[in-house]
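First the proteins, then the strands, lettered A, B, ... as listed; each starts at 1.
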2 protein chains.
Amino acid sequence: MTRLPLSNSPAREAIADRLNRWSSAPFDASKCPVRDVLDHLGDKWTTLILMTLAEQPRRFSQVQRRVPDISKRMLTQTLRQLERDGLAFREVFPTKPPSVEYQLSPLGESLLGPLSQLVDWAEAAHDNIRQARSAFDASN
Amino acid sequence: MTRLPLSNSPAREAIADRLNRWSSAPFDASKCPVRDVLDHLGDKWTTLILMTLAEQPRRFSQVQRRVPDISKRMLTQTLRQLERDGLAFREVFPTKPPSVEYQLSPLGESLLGPLSQLVDWAEAAHDNIRQARSAFDASN
DNA sequence: CGGTATCCCGAGGGATACTG
DNA sequence: CAGTATCCCTCGGGATACCG
């Protein structure tokens, strides 16, 4: 059977090029940005925390109030990740009791553009995806 | 102390608006596209599989050869997710033995743009992040 | 070839209690 | 206020073997 030629969108080519580039070298996980960088975005709370810090710099408990379901444990852990990756700054004020403020770094802000695009897509595609799931589950 | 005003980039505002919109309703996980849609992108293999299918339609074992580390089990599972979400089509050809081809749906292709942006960012930010990690770990 | 079916382990992450 | 310290349990995902 004959097959329709692929639409050659720029995005498709960009993606394909990148995969080729990665594959040309023997695959080294430590060299793969997707694994090394984007994995954290898949963590349960990272994106939400990034979004709250995108609104404005916030103190620990302010973030927690903005994302009510998170535990202190996971909030600390997620913020530490962001700080370690240089996406957010942590500043301690010597008040009593101490207050700590978190804010996005320039690098963290530079992520907001791409992230916003992806979230836009997620919202736009949400209905389609839910319908597709229903149809798939119905036909088992 | 006084604090610098925030740069009000479009992305920042878009992100902040969206978070506000989500928060206005009592948070319903089933209504949250980030949780419902983007979670799968955080799965270990989803993005890589999407990229291989972005190159061209492929048969099961072709995908596996392109992503050598994946097991048949996880490949099946990931492809099923994509199919269920309507991001990819699965077509069975009645050859002997049977051959099955997967290709991105239009919806799946529409994800390539945003995804490409994010991967661009990941590659561009990779060095910065690695340096930030080293510095953070050094100062313990 | 293109999958399922099991078994199993380690990490992600929740609950709770304690601390400087 | 802003965390640590434990305990515990689910579940993502690897290894292996089998099937139409």
Side-chain angles (χ1 to χ4, degrees), chain A residues 27 29 32 34-36 38-50 52-53 57-85 88-103 136 139-140, chain B residues 1 27 29 32 34-50 52-53 57-85 88-103 136 139-140:
Chain A
F27 187 78
C32 173
V34 166
R35 279 290 159 71
D36 201 25
L38 299 187
D39 256 15
H40 296 313
L41 295 185
D43 289 352
K44 192 171 183 183
W45 301 107
T46 302
T47 302
L48 274 172
I49 302 302
L50 277 171
T52 70
L53 296 184
R58 284 181 192 280
R59 292 175 50 184
F60 185 89
S61 42
Q62 289 179 319
V63 178
Q64 193 169 24
R65 274 190 288 278
R66 194 81 176 114
V67 188
D69 289 357
I70 198 173
S71 66
K72 277 188 291 189
R73 181 180 178 281
M74 289 315 296
L75 181 53
T76 302
Q77 187 173 306
T78 305
L79 287 169
R80 282 287 185 286
Q81 281 277 357
L82 294 178
E83 189 196 358
R84 184 172 113 94
D85 285 0
F89 296 135
R90 175 178 182 271
E91 192 173 3
V92 183
F93 298 98
T95 56
K96 242 185 204 178
S99 62
V100 179
E101 191 179 85
Y102 295 89
Q103 67 176 303
F136 182 91
S139 63
N140 198 6
Chain B
M1 73 168 279
F27 186 77
C32 173
V34 167
R35 279 292 159 71
D36 201 26
V37 177
L38 299 187
D39 255 17
H40 296 314
L41 294 185
D43 289 351
K44 192 169 181 183
W45 302 105
T46 303
T47 301
L48 273 171
I49 302 302
L50 277 172
T52 70
L53 295 184
R58 284 180 191 281
R59 292 175 52 184
F60 185 89
S61 40
Q62 289 178 318
V63 179
Q64 193 169 24
R65 273 190 290 278
R66 193 81 176 116
V67 188
D69 289 358
I70 198 174
S71 66
K72 277 189 291 190
R73 182 180 177 277
M74 290 315 297
L75 180 55
T76 302
Q77 187 173 306
T78 304
L79 288 168
R80 282 286 185 286
Q81 281 279 357
L82 294 177
E83 189 196 359
R84 183 172 115 96
D85 285 0
F89 297 135
R90 175 177 183 273
E91 194 175 1
V92 182
F93 298 97
T95 54
K96 241 185 203 180
S99 62
V100 180
E101 190 179 86
Y102 294 89
Q103 68 176 303
F136 183 91
S139 63
N140 198 5

TODO: Check for a donor-acceptor pair, side chain of B/T46 on one end and backbone N or O of B/H40 on the other, with a separation under 3.5 Å.
DONE: yes
- [ ] Mind checking A/K44 for me? I need base, sugar-phosphate or nothing, with any heavy atom below 4.0 Å counting as a touch.
- [x] sugar-phosphate
TODO: Sequence neighbours left out, what passes side chain to side chain donor-acceptor pair (under 3.5 Å) with B/S139? Give chain and number order.
DONE: none
- [ ] May I ask you to test the B/L38-A/L41 pair for a side-chain heavy-atom distance under 4.5 Å?
- [x] no
- [ ] Could you tell me which residues satisfy side chain to side chain donor-acceptor pair (under 3.5 Å) with A/R90, sequence neighbours excluded, listed by chain and number?
- [x] A/Y102
Open item on the list: Counting C-beta onward and ignoring hydrogens, is there a side-chain heavy-atom pair between A/R58 and A/T52 closer than 4.5 Å?
Closed with: yes
Task: Opening and closing nucleotides of DNA chain C in contact with chain B, under 4.0 Å to non-hydrogen atoms - done: C/dC1 to C/dT6
Open item on the list: Are the side chains of B/R35 and A/L48 in contact, using a 4.5 Å heavy-atom criterion?
Closed with: yes
TODO: Respond yes when some side-chain nitrogen or oxygen of A/R90 is under 4.0 Å from OP1 or OP2 of D/dG3, and no when none is.
DONE: yes
TODO: For DNA chain C, find the residues of residues 72-84 of chain A with a heavy-atom distance under 4.0 Å and give them by number; none if there aren't any.
DONE: A/R73, A/M74
- [ ] Take the protein atom CH2 of B/W45 and the nucleotide atom P of D/dG13, then report the distance between them rounded to whole Å.
- [x] 9 Å
Open item on the list: Is there a side-chain contact between A/F136 and B/E83 in this structure, where contact means two heavy atoms from C-beta onward sitting under 4.5 Å apart?
Closed with: yes
TODO: Can you tell me the distance, in whole Å, between the CD1 atom of B/I70 and the C1' atom of D/dG13?
DONE: 10 Å
Open item on the list: List the residues meeting side chain to side chain donor-acceptor pair (under 3.5 Å) with B/R59, not counting sequence neighbours, and say none if there are none.
Closed with: none
TODO: Estimate the overall bend of the helix from C/dC1-D/dG20 to C/dG20-D/dC1 from the end axes over five pairs each, rounded to 10 degrees.
DONE: 50°
TODO: Using a 4.5 Å cut-off on heavy atoms from C-beta on, say whether the side chain of B/F60 contacts that of B/K72.
DONE: yes
TODO: Using atom CG of B/D43 as one end and atom P of D/dC11 as the other, report the distance to the nearest whole Å.
DONE: 14 Å
TODO: Would you confirm whether B/R80, through its side chain, and B/L75, through its main-chain N or O, come within 3.5 Å as a donor-acceptor pair?
DONE: no
- [ ] Is it possible for you to check whether A/R66 lies under 6.0 Å from the centre of the six-membered ring of A/W45, through NZ or CZ, and within 45° of that ring's axis?
- [x] no
Task: Whole-Å distance separating the CD atom of A/Q64 from the C1' atom of D/dA2 - done: 10 Å
Open item on the list: Between P on D/dG13 and CD1 on B/I49, what's the gap in Å once rounded to a whole number?
Closed with: 12 Å
